[in-house]
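Structure first, commentary second.
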Amino acid sequence: MVWHNKISDSDLWNKIKNGEICFGGNQKLKIYGTLKCGSGKRMKRENRVFFSSEKEAIQNGFRPCGHCMKTEYLKWKNGLI
């Protein structure tokens, strides 16, 4: 897990470009989603974290976003994850 406020913008872009970061999350709400999610783009920088995989996000106690990851969210909501 990488905190947005603890990484420079250039390092962040390099990690995204290299595929080292694939998902973003909200630390306070414990929600993760795609990097293109409109909800994720609106969150405060100090609350934003990044993950290399869904598995990493789930291991850190995050749940899928209901907007950009509807299928995964419904599985989580119904107790299948």
Side-chain angles (χ1 to χ4, degrees):
M1 184 166 67
V2 177
W3 287 85
H4 193 173
N5 59 357
K6 294 185 179 178
I7 188 171
S8 71
D9 288 339
S10 61
D11 285 345
L12 176 62
W13 286 114
N14 285 332
K15 287 184 179 290
I16 291 171
K17 192 186 321 180
N18 294 333
E20 296 173 45
I21 290 177
C22 300
F23 296 94
N26 186 312
Q27 176 61 33
K28 287 194 175 189
L29 299 176
K30 294 290 194 179
I31 298 171
Y32 75 94
T34 64
L35 297 175
K36 295 182 179 183
C37 181
S39 297
K41 289 180 180 181
R42 290 191 303 267
M43 81 178 82
K44 293 179 180 180
R45 184 180 184 115
E46 62 264 17
N47 295 334
R48 190 177 293 129
V49 293
F50 296 103
F51 303 101
S52 59
S53 66
E54 284 187 75
K55 183 178 178 181
E56 181 185 7
I58 292 168
Q59 286 174 341
N60 281 286
F62 286 69
R63 70 157 176 88
C65 174
H67 296 119
C68 66
M69 302 182 75
K70 289 185 193 306
T71 304
E72 293 84 352
Y73 172 74
L74 290 173
K75 287 179 185 177
W76 171 83
K77 187 176 178 183
N78 293 323
L80 300 176
I81 292 181

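- Between the side chain of Arg48 and the backbone N or O of Gly24, no donor-acceptor pair lies under 3.5 Å.
- Closest of all the heavy-atom pairs between Cys37 and Cys65 is SG-SG, 3.8 Å.
- Hydrophobic clustering of Ile, Leu, Val, Met, Phe, Trp and Tyr side chains at less than 4.5 Å, counting indirect connections, unites Val2 with Trp13.
- Counting all heavy atoms, side chain and backbone alike, Pro64 lies closest to Tyr73 at O-CD1, 3.5 Å.
- A distance of 12.5 Å separates CE of Met43 from NZ of Lys28, quoted to the nearest 0.5 Å.
- Distance check, rounded to the nearest 0.5 Å: NZ of Lys17 to CG of Leu12 gives 11.5 Å.
- Atom CG of Asn26 sits about 5.0 Å away from atom CG of Asn47, to the nearest 0.5 Å.
- No side-chain heavy atom of Phe50 sits less than 4.5 Å from a side-chain heavy atom of Met1.
- Using a 4.5 Å cut-off between side-chain heavy atoms of Ile, Leu, Val, Met, Phe, Trp and Tyr, with links allowed through other members, Ile7 and Ile16 fall into the same hydrophobic cluster.
- Heavy-atom contacts from other residues, nucleotides or ligands closer than 6.0 Å to NZ of Lys30 number more than 12.
- The hydrophobic cluster containing Phe51 does not contain Leu35, counting ILVMFWY residues as joined when their side-chain heavy atoms lie under 4.5 angstrom apart, directly or transitively.
- Taking the side chain as every heavy atom from C-beta outward, His4 and Asp9 approach each other to under 4.5 Å.
- The shortest side-chain heavy-atom distance between Tyr32 and Val49 does not fall under the 4.5 Å cut-off.
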Evaluate ring-ring contact (aromatic ring centres under 6.0 Å, His included) for Phe62 paired with Phe23, printing each intermediate quantity in order.
-> CA-CA 11 Å; Phe62 286 69; Phe23 296 94; over 10 Å; no
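- Pairs passing the side chain to side chain donor-acceptor pair (under 3.5 Å) check and including a residue from residues 56-71, sequence neighbours excluded, read Ser39-His67, Ser52-Glu56.
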